[in-house]
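The basis for the numbers below is simple: all heavy atoms, side chains too, and nothing from hydrogens, waters or symmetry mates. All chains are named by letter (A, B, ...) in the order of the sequence lines, taking the proteins before the strands, and each is independently numbered beginning at 1.
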Amino acid sequence: MDLGLDVIEQNGYTVLSVKGEVDVYTAPRLRERLVELVSEGARKIVVDLEQVEFLDSTGLGVLVGGLKRLRSNDGDLSLVCTQTRILKVFEITGLTKVFSIYNSIEDATNGE
Amino acid sequence: MDLGLDVIEQNGYTVLSVKGEVDVYTAPRLRERLVELVSEGARKIVVDLEQVEFLDSTGLGVLVGGLKRLRSNDGDLSLVCTQTRILKVFEITGLTKVFSIYNSIEDATNGE
Amino acid sequence: MLGNTNVQLDIPIQMEYVSLVRILISDLAQSRREIDPQKVNDLKLAISEACTNAIEAHKAIHSDQKIKIAWSEQPDHFEVSIRDFGKGFDIEALPKHPPVTDPERLNFERGLGIPLIKALMDEVSFNSSSEGTFVKMIVFCQPLEKKLDFDSEL
Amino acid sequence: MLGNTNVQLDIPIQMEYVSLVRILISDLAQSRREIDPQKVNDLKLAISEACTNAIEAHKAIHSDQKIKIAWSEQPDHFEVSIRDFGKGFDIEALPKHPPVTDPERLNFERGLGIPLIKALMDEVSFNSSSEGTFVKMIVFCQPLEKKLDFDSEL
Ligand SMILES: Nc1ncnc2c1ncn2[C@@H]1O[C@H](COP(=O)(O)OP(=O)(O)O)[C@@H](O)[C@H]1O
Ligand SMILES: Nc1ncnc2c1ncn2[C@@H]1O[C@H](COP(=O)(O)OP(=O)(O)O)[C@@H](O)[C@H]1O
């Protein structure tokens, strides 16, 4: 199972676009990529979930871990997500209140 | 599992376009439709297999049965098929020598 | 107990098989009955969480025994169960997460699986002992409206 | 015997489950190794034929026992087996079809399943007794060139 992980720089933000299914088998790759980005100096990370087909609690955990790491480095991690089935997972777990979730990469990288 | 069965008349031929997977579960519907068409008077039938995703020996059997029924009524049944994976099944079983197989509905309904 | 098990799948103790279970269960749910596509997504997520836990439970005791997923159909619902032979757990004793507004919340990267299963399934039961765990999940085929306000439960 | 069974699926005696087996097996073949897509199609067809025969064998004796499909992985090949508990058959005694040029050929709508399995699989063995039938099929993962000129065998 492939997990697509593409990075672009936009407007001072590092945008990580995730493609495919994020579950217990693939989530470690997402975690590694986030850790790498932070260690390379990224502080404002946007994780674009628009092409994610499936996301489970392991995926949520990785995102929470990333947010924690960035906040403790004076950075932030926000999300792009409009898919109802993915948003639902954040809603049920209350994580919509923890993450800033945007409708588009443009919105997420517009600064405030 | 749905089997699409669409009929159009073209150039004096009855064209039955099959869509989906033809296996032991769905083949009876194909058989019924062929029997119906013959009993309604169709004699020159073209079975268009271009949208077939899967065809097993039960499907082959139904087509052989249809051909037999038509030949014994002074009719004929020919096929439209260009997909290699479907053609392969006809080749292995020698049925390429039993059926006329065309590249398009146009070719199949051009007379001869 | 399960009424009438229609399909049973045994998978090895490797995380890469969880996606196979999702494919199987979502195909079953979609092909067998009229069902709300969102319910199929819910089922895929719940079964993933339960299988992940089952595989983890076997890994924890270095068991290479397969876990068993069973699917059965009842007049108005589907039943999916996951059986493992790990050392079990006490569902009542699971730690509660701090509220989402608490900064401490960020220290909890795990523990979201069972709350998700409970929120997504129409009914769920956990039977766990030192012999292993049996999770039974029920989804009604006629879509039911379900409120998604489970913050307090997490 | 099967080396190492990775995945096992039990299905009920209903023809609509054959498509489920195809989905499972093709997902396994595609996700586990680099494999020629045409080989995956071959495997889907062979497994369909074998499952159809197994279900028919159970229907013939009104058995509602499930049939068992097992998947295992070896260094250079996949092994897929189908076990049923029907009354078995003698593969040597199967009627031969008339040549395709014989007009009589049109009277044979059946009997193409086993020839297809034999032509499509890299190796196949049938073990049949009054207790049931065990069909083992092997597909090499590194694509092999295979000539498709089996007319004489049919
Ligand atoms: N099948 C199981 N066998 C043993 N322990 C389990 C099982 N399922 C869940 N648990 C326990 O319950 C805890 C919470 O599970 P869950 O809510 O899914 O979150 P997570 O798996 O992320 O920890 C697990 O960490 C584990 O200790
Ligand atoms: N698993 C099985 N159990 C009992 N008989 C079988 C089995 N598989 C095949 N057979 C017998 O062999 C015959 C030929 O099988 P096959 O070549 O697949 O064609 P078909 O199923 O169309 O007859 C079947 O009709 C059946 O009598």
Highest number of heavy-atom pairs under 4.5 Å with chain A: which of C:Arg110, C:Gln14, C:Gln38?
C:Gln38
Hey, could you give me the [atom1]/[atom2] distance between [X] and [Y], rounded to the nearest 0.5 Å?
X: A:Ser57; Y: C:Ile114; atom1: OG; atom2: CD1; value: 9.5 Å
X: A:Thr93; Y: C:Leu116; atom1: OG1; atom2: CG; value: 6.0 Å
X: A:Phe90; Y: C:Leu112; atom1: CZ; atom2: CG; value: 10.5 Å
X: C:Asn41; Y: A:Gln83; atom1: CG; atom2: CD; value: 9.5 Å

Is it the case that atom CD in C:Glu131 sees more than 12 heavy atoms from other parts of the structure closer than 6.0 Å?
no
Tell me if the CG atom of A:Asp74 is crowded by more than 12 foreign heavy atoms within 6.0 Å.
no
Side chain, backbone, both or neither: which part of A:Leu55 has a non-hydrogen atom closer than 4.5 Å to chain C?
backbone
Below 4.5 Å from any heavy atom of chain C, which atoms of A:Arg69 appear? Answer side chain, backbone, both or neither.
neither
Does a salt bridge link A:Lys88 with C:Asp42, judged by any charged N lying under 4.0 Å from a carboxylate O?
yes
Tell me whether C:Arg22 is salt-bridged to A:Asp23, with the criterion being a basic N under 4.0 Å from an acidic carboxylate O.
yes
Min side-chain heavy-atom separation A:Phe54-C:Ser19 under 4.5 Å:
no
Please check if the side chain of C:Glu49 supplies one atom and the backbone of A:Asp56 the other of a donor-acceptor pair under 3.5 Å.
no
